[in-house]
Structure formats: C-alpha cells, structure tokens
Asker: 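Before I ask anything, here is the structure I am working with.
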Amino acid sequence: MERLRAAGCVFAEDEAAIIEATATDAEHRDRMVERRAGGEPLEQVVGHADFAGVRVRLRPGVFVPRVRSELLVRVAAEHDPKVLVDLCCGSGALGLAVRHRRPGIELHAADLDPVATACARDNGIADVHTGDLYDALPSTLQNRVDVLIANVPYVATDHIPFLPAEARDHEPRMALDGGPDGLDIFRRVAGSAPTWLAKGGILLSEITEAQAGEAIAATARSGLDAEVIYDEDLDARVVRATVRKS
C-alpha cells in the first residue's frame, strides 16, 4: 500500500486490497503493484473491470470501460433489441452489459484493433469481427440492426495531451483520438448507419456537451433524426438517432 500511496494513487488502500485479492502469490502481487505504481490502470493490472452489472475481462492496452458509458447500456436495453452491434467494441463491455439485461439478443462486436477483438472473445462474445467500422461486419446484418452502439473515440486531437496519464499512456490512441473536433469517426458511423439499421432501429453514441450541435447536424445530413440524452448523475451525454421517416 505504501508503494501505491507514494506513486500518488488516491485510493491506495482500496487498490491494495483489490490487488491482494487478485494476486496468486507474493511475486505476482509485487509485479501488479509495480505496474499500478507505474501508472497502468488498475483494471488492466488486475485483468478485469466491473461495469454495469458484469465483470469484463481486460487485456493490457485495451480501453477500460467508463462508468459514464452505463447511460449507453441503459438506453440500448430500454429499446429491447433483438440484434445489437457493439461497434468500436474494445473489450465488448457495452454489448455484454446490454446482453446481461436482455438475454437472448443476437450480439455482434467489432473493432479495428485485433487486441481488442481478442479481448471481446475472451469475454464470451461469439460473433466478433476485426476491421474498420462497417467493413468488419457481415453484409447479412444490413437493415437488421435494432441497436447500433458506436462508442467511438471522441476526444479532440489537441486535447489528448491533457488526458489523465492512465488513458494517455496505457490505452490505444485509436480508442481516444476523434480528430480535430472529436467527431471524425462519429461522422463516418452516422453516414452509413441507415444501411445497417432495421426499421425502428437506433444509433447510440457518447459525446461531450460541446459536440452536441455538430453531432445532431451530422446525423441530419445522413438522413437521421437525433436527440441528445443527458444523465446528470453520470455526467454523460448520448446521441440517439433513428432513420428519418419518409
């Protein structure tokens, strides 16, 4: 615990207890303490994260699910999907959490990073696809997706240096960097979403307050009607978009 406290871990006592409970022996514990003291996220060190009611296995270098993303899970589950795609899936945490609330869904997960898709398979997702956004998905999903969760990278490039070191130094940049205004990947996702969404299907994506106006405009250009849902407790914002009725 002293090593963690000296490294600046605010919750050193709690983290030490988690590491102790996870370690297989003293040598393993010491290695984990050193990794955490070096700035690696605790969830990567212990190999899992508890998120929205599920325990998610993590590999080093894979994006750690954030508490605020529970809003995405809640909105997705409320839609009661039969087919769900977790795009830019990372560990697959979002899809897993929705499936926990809606057992029996057809769940697909996709990511550009093969380390992330391997992690999603670790978590028991059978239909995992590696590739660039929709290029990864089988064409049989076109016009069948009830909920498309796209937790895309949405940090503006110039803001990357100001992120906490845990994220900046230990999570893949491709999972963080959303381009000059943070919406480059979102625009690509919104642009092709109508091809994949079923009738009445929805696209969900997390954004910041400053991005709300342009995110809505981007969905409108793609033939989608959108709204921003805000959760004050989580301080989270989600764009929910549907194909515009003709």
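Side-chain atoms are counted along with the backbone in the values below, which use heavy atoms only and exclude waters and symmetry mates. Here, residue 1 is the first one in the sequence, and each next residue gets the next number.
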Asker: Look at Lys82 together with Glu106 and state whether they make a salt bridge at an N to O cut-off of under 4.0 Å.
Answerer: no
Asker: Is it the case that the side chain of Ser205 and the backbone of Ala150 share a donor-acceptor pair, with hydrogens and angles ignored and the cut-off at 3.5 Å?
Answerer: yes
Asker: Using every non-hydrogen atom in the two residues, find where Val152 and Cys88 come nearest and quote the distance to one decimal.
Answerer: CG1-SG, 4.0 Å
Asker: Considering only distance and modelled atom types, tabulate donor-acceptor pairs under 3.5 Å from the side chains of residues 53-62, sequence neighbours left out.
Answerer:
| from | atom 1 | to | atom 2 | distance (Å) |
| --- | --- | --- | --- | --- |
| Arg55 | NE | Asp50 | OD1 | 2.8 |
| Arg55 | NH2 | Asp50 | OD1 | 3.3 |
| Arg55 | NH2 | Asp50 | OD2 | 2.9 |
| Arg59 | NE | Asp122 | OD2 | 2.7 |
| Arg59 | NH2 | Asp122 | OD1 | 3.2 |
| Arg59 | NH2 | Asp122 | OD2 | 3.2 |

Asker: Is there a donor-acceptor contact under 3.5 Å from the side chain of His100 to the main chain of Leu96?
Answerer: no
Asker: Please check: side-chain N/O of Asp225 versus main-chain N/O of Thr242, any donor-acceptor pairing under 3.5 Å?
Answerer: no
Asker: Among Asp231, Val228, Ile229, which residue satisfies the side chain to side chain contact (heavy atoms under 4.5 Å, CB included) criterion with Arg237?
Answerer: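 Exactly one candidate clears the test, Val228.
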Asker: Counting only N and O atoms by type, is there a donor-acceptor contact under 3.5 Å from the side chain of Ser192 to the main-chain atoms of Val189?
Answerer: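 A pair under 3.5 Å: no.
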Asker: Looking only at atom types and distance, does a side-chain atom of Arg240 sit under 3.5 Å from a main-chain N or O of Val238, one as donor and one as acceptor?
Answerer: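 Not a single qualifying donor-acceptor pair exists.
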Asker: So which pairs with a foot in residues 37-47 pass side-chain hydrogen bond (donor to acceptor under 3.5 Å, both in side chains), sequence neighbours left out?
Answerer: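 For residues 37-47, and leaving out neighbouring residues, the side-chain hydrogen bond (donor to acceptor under 3.5 Å, both in side chains) pairs sorted by first residue read Arg35-Glu40.
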Asker: Tell me every residue that passes side-chain contact (heavy atoms from CB on, under 4.5 Å) with Thr195, counting only those two or more places apart in sequence or in another chain.
Answerer: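 Thr195: side-chain contact (heavy atoms from CB on, under 4.5 Å) contacts with Gln142.
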Asker: To check you understand the geometry: which heavy-atom pair defines the closest contact between Val147 and Pro81, and what is its length?
Answerer: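 Looking at all heavy atoms of both residues, the closest pair is CG2-CB, 3.6 Å.
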Asker: Is there a donor-acceptor pair under 3.5 Å between the side chain of Asp86 and the backbone N or O of Ala110?
Answerer: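 No: the side chain of Asp86 does not pair with the backbone of Ala110.
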Asker: Please check this pair: side chain of His79 against backbone of Gly200, looking for a donor-acceptor N/O pair closer than 3.5 Å.
Answerer: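 Yes; at least one donor-acceptor contact below 3.5 Å.
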